[in-house]
Amino acid sequence: MVSISNPYKPNIAALRKITTENDVNDIKTFEVVFEDPDLARSFRYTPGQFGMISYFGAGECPIGIASSPTDEGFLEFTIKKVGTVTTALHNCSEGDRIGIRGPYGNGWPIEAMEGRNVVLVGGGFAFTTLRSLAKYILHDDNRGRFGDLTVIYGARNPGELIYKYDLEDWEQRDDINLIVTVDKGDSGWTGKEGYIPTILKEAAPSSKNAIAAICGPPIMIRFSIPVMTELGFSPSDILLSLEMRMKCGIGKCGRCNVGSKFVCLDGPVFTHEELQGLPKEY
Amino acid sequence: MKIKIVDKKEVPALIDRLIERYRVFAPVDAGKYARLMEVASGSEACLELQNPKLSSKEILFPQTEIILRIKKGEEGLETEEPSENDKDWVLFGVHPCDAKGLVLTDKFFASGDYKDKPYMDKRGKTSIVGLACNHPRATCFCASVGGSPFGKEGIDILLVDLGEEYLIEILTERGERMIEGVHGLRDASDDDMARAEKMSEEAEKALQTDLPIEGLSERLEGMFEDPLWDKVHLKCVGCGVCSYLCPTCWCFDIIDEETSTGVERIRLWDTCQFTQFTLQGSGFNPRPSGKERMRQRTMHKFCYFPKEYGVLACTGCGRCVRECPVNQDIRETIKEIMSV
Ligand SMILES: Cc1cc2nc3c(=O)[nH]c(=O)nc-3n(C[C@H](O)[C@H](O)[C@H](O)COP(=O)(O)OP(=O)(O)OC[C@H]3O[C@@H](n4cnc5c(N)ncnc54)[C@H](O)[C@@H]3O)c2cc1C
Ligand code: SF4
Ligand code: SF4
Ligand code: FES
């Protein structure tokens, strides 16, 4: 009998650093390192892929990889506390051990983005894998292979903006056009105010030789797509990442399908054109 | 192909010989119905009962199974896979519809880059002794979905009940190995074979065959938004019985349970008929009502799976028809789809 490897077996990893991202303190970024040094060195992934994260005793859940493949030796996951597993993870301390399976899913289509202007539109904490992609593009080894980079990112209020350290860093660079907005500012806020679709319209990134990736709450996506279309982006040049409930991550537990596509295998990234060909069940 | 005959009274001894070399699972009398269970002796097996309440799925893809043990020790965490380095297995007395159910399960669990190891490990060491179905029930419709009460798909040895004896058709090498060293068999005569042939014809005749099914998958492709879905689910109470009993429903959940030494990671049956199945962390549910859930189950069997694997994911075993508490009948749903 041929022996096959167990796809349900996670690799053990240690939480090296835990960073609180927002004022409400329900979003944290976990920097993790595989216990097996060979795996820590050899683990490869594409921005937009995800891992199945275990807190043993609480269970497993899918989380997008927030670090960039250019970050060597560690991974990052930015996690919002919503239920059993995410709460258990939030209760962890640095040094605690978790399990990771993956990387799963298709990720952002890097090759299709090369040589083109890239527009990233993110709202709320769903910004995680766009952050991975932005960091990847901005890395010295890769920057030359992409055209202009525009990042439009928004949160409900200034306290909810995540990755403030990256945003500050990106502000200083001249090879990225960063636009940050909040739905509603506070007394100290000097930046933009307004919902993403409005800001997007105002910023009007050119669709010429451009490809866009959008991540955020369903309502933001729903109102952003018509704006993108108006700007001239064709359905095949608008990328979206779907979030479904997932248990296995490998196309077996049967719960993440949209029509005959499994979001965990065939997605989570789809073009708007692909989604138009699928049942509206996401 | 070899064809033998064994007297019915010799069957317990035949199973006993198998038990010397295999773990044998056979139908046993579980009160009002039969259930496939491991037997310690041939006399426990009961082949005269109707097809077990649950299909062979419950042996190879059990309702709950430990897929991983995590030990919390001094030096941290260690993961350990449960391994069953025991004898090979035999499922004895499996009806052709359920053997076909396993063939469909194989396609799914062995597909893609990630093979389902917990299932494949068990399946790889399992041989199937089938039992031809002489008396299909009113709820059976295997012949309408590409099967047959005397079907041989997925079967290593097929038994045919001839009244006082069984005809034994050895179909594969695995079957040959199983039967090696089993005494009390004699060669089947032309008359034996003619009798088996006649039973097969009679069983076919007893089956419902008027179910329209031609072009069902293609038709469903364009029917996601059809108003039909607003009605067909209305009496369903979402109990999930249809899926739990169905040989081709494989959805599962994975949960952790703490033990004194660590954690057991367990997988258990789940179903698209439950509300929570697709409920997301944000509170959004892409299948919020019975409509979407019944549509999903129907689409999976008759549209999505056929599109991927070229065959319907229904064996016509009739379990979902027989056991539904509100008499939801998948055959009626098919007829409605075909008449749109
Ligand atoms: C590809 C992908 C990438 C993702 N990336 C990220 C990411 O980067 N960061 C991130 O934070 N999240 C991400 N998610 C979402 C994340 O997977 C979910 O938030 C996570 O699965 C929640 O798991 P949990 O065990 O904490 O919640 P669960 O306990 O499973 O709870 C889920 C929901 O069910 C509700 N619920 C729980 N128990 C009950 C009950 N008894 N009765 C009724 N309702 C109940 C909860 O309120 C919650 O809304 C991603 C999802 C996908 C599919
Ligand atoms: S067995 Fe009947 S009531 Fe229960 S979920 Fe299935 S169709 Fe609905
Ligand atoms: S859908 Fe019903 S008839 Fe078809 S295989 Fe499943 S339980 Fe049997
Ligand atoms: S998460 Fe299990 S099938 Fe996609």
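As a basis for the values below, the full set of heavy atoms in this structure was taken, side chains included, without hydrogen atoms, waters or symmetry mates. These figures come from a predicted structure and were not determined experimentally. Numbered from 1 within each chain, the chains take letters A, B, ... in sequence-line order.
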Query raised in the report: What part of Ile12(A) lies closer than 4.5 angstrom to a heavy atom of chain B: side chain, backbone, both or neither?
Result: side chain
Report task. Heavy-atom distances under 4.5 Å only: say whether Arg295(B) touches chain A with side chain, backbone, both or neither. Result -> side chain
**Report entry** Contact listing (chain B partner; residues 262-275 of chain A; heavy atom under 4.5 Å)
**Finding:** Phe262(A), Leu265(A)
Query - Contact summary for Leu68(B) and Tyr8(A), nearest pair of heavy atoms - result: CD2-O, 4.1 Å
Query raised in the report: If you count the non-hydrogen atoms of other residues, nucleotides and ligands that lie under 6.0 Å from NZ in Lys122(B), is the total more than 12?
Result: yes
Requested in this report: Name the region of Ser111(B), side chain, backbone, both or neither, that has any atom closer than 4.5 Å to a heavy atom of chain A.
Outcome: both
Query raised in the report: If you count heavy-atom pairs under 4.5 Å with chain B, which of Met246(A), Lys80(A), Glu35(A), Met244(A) comes out on top?
Result: Met244(A)
Report summary line: Pair count under 4.5 Å, heavy atoms only, with chain A: among Asp113(B), Asp116(B), Asp270(B), highest is Asp116(B)
Report task. Let me know if Asn257(A) has heavy atoms under 4.5 Å from chain B in its side chain, its backbone, both or neither. Result -> both
Report summary line: If one checks every heavy atom of Phe305(B) against chain A at 4.5 Å, the contacting part turns out to be neither
Query raised in the report: So, the side chain of Glu81(B) versus the backbone of Asn6(A): is there a donor-acceptor pair under 3.5 Å, distance only?
Result: no
Requested in this report: Report, as yes or no, whether the 6.0 Å neighbourhood of atom CD on Glu257(B) holds more than 12 heavy atoms from other residues, nucleotides or ligands.
Outcome: no
Requested in this report: List the steps and the verdict of side chain to side chain contact (heavy atoms under 4.5 Å, CB included) for Glu243(A) and Phe284(B).
Outcome: CA-CA 10 Å; Glu243(A) 248 191 44; Phe284(B) 172 69; over 6 Å; no
Query raised in the report: In terms of heavy-atom pairs under 4.5 Å, which option from Arg97(A), Lys252(A), Lys280(A) contacts chain B the most?
Result: Lys252(A)
Query raised in the report: What's the shortest heavy-atom distance between Pro103(A) and Tyr114(B), and which atoms?
Result: O-OH, 4.0 Å
**Report entry** Residue among Met299(B), Gln296(B), Glu225(B) with most heavy-atom pairs under 4.5 Å to chain A
**Finding:** Gln296(B)
Query raised in the report: If we only count heavy atoms from C-beta on, is the Cys251(B) to Arg255(A) side-chain gap below 4.5 Å?
Result: no
Report summary line: The interface call for Ile67(B) against chain A, heavy-atom contacts under 4.5 Å, is both
**Report entry** Atom OH of Tyr195(A) with >12 non-hydrogen neighbours under 6.0 angstrom
**Finding:** no
Report summary line: OG1 of Thr79(B) to CZ of Phe56(A), rounded to nearest 0.5 Å, is 6.5 Å
Query raised in the report: Should we say atom NZ of Lys184(A) is surrounded by more than 12 heavy atoms from elsewhere, each under 6.0 Å from it?
Result: no
Report task. Specify which of Arg287(B), Lys115(B), Glu258(B) makes the most heavy-atom pairs with chain A at under 4.5 Å. Result -> Arg287(B)
Report task. Kindly check if the number of other-residue, nucleotide or ligand heavy atoms within 6.0 Å of CD (Glu176(B)) is above 12? Result -> yes
Query raised in the report: Any side-chain heavy atom of Pro286(B) within less than 4.5 Å of one from Tyr282(A)?
Result: no
Query raised in the report: Would one find more than 12 heavy atoms of other residues, nucleotides or ligands at under 6.0 Å from atom OH of Tyr119(B)?
Result: yes
Query raised in the report: Any side-chain heavy-atom pair from Lys9(A) and Lys117(B) closer than 4.5 angstrom?
Result: no
Query raised in the report: Given that the side chain runs from C-beta out, which part of Pro10(A) has a heavy atom under 4.5 Å from chain B: side chain, backbone, both or neither?
Result: both
Query raised in the report: Which heavy-atom pair separates Asp253(B) from Lys247(A) by the least distance, and what is that distance?
Result: OD1-CE, 2.9 Å
Report summary line: Between Pro279(A) and Tyr304(B), the two heavy atoms sitting closest are CG-OH, 4.3 Å
**Report entry** Within 6.0 angstrom of Arg156(A) CZ, more than 12 heavy atoms from elsewhere
**Finding:** no
Query raised in the report: Once you round to the nearest 0.5 Å, how far does OH of Tyr309(B) lie from OG of Ser260(A)?
Result: 10.5 Å
Query raised in the report: Does a sphere of radius 6.0 Å around NZ in Lys28(A) hold more than 12 heavy atoms from other residues, nucleotides or ligands, not counting ones at 6.0 Å or beyond?
Result: yes
Query - Under 4.5 Å from any heavy atom of chain A - which part of Phe224(B) - result: side chain
**Report entry** Taking every non-hydrogen atom, the tightest pair across Arg245(A) and Leu279(B)
**Finding:** CD-O, 2.7 Å
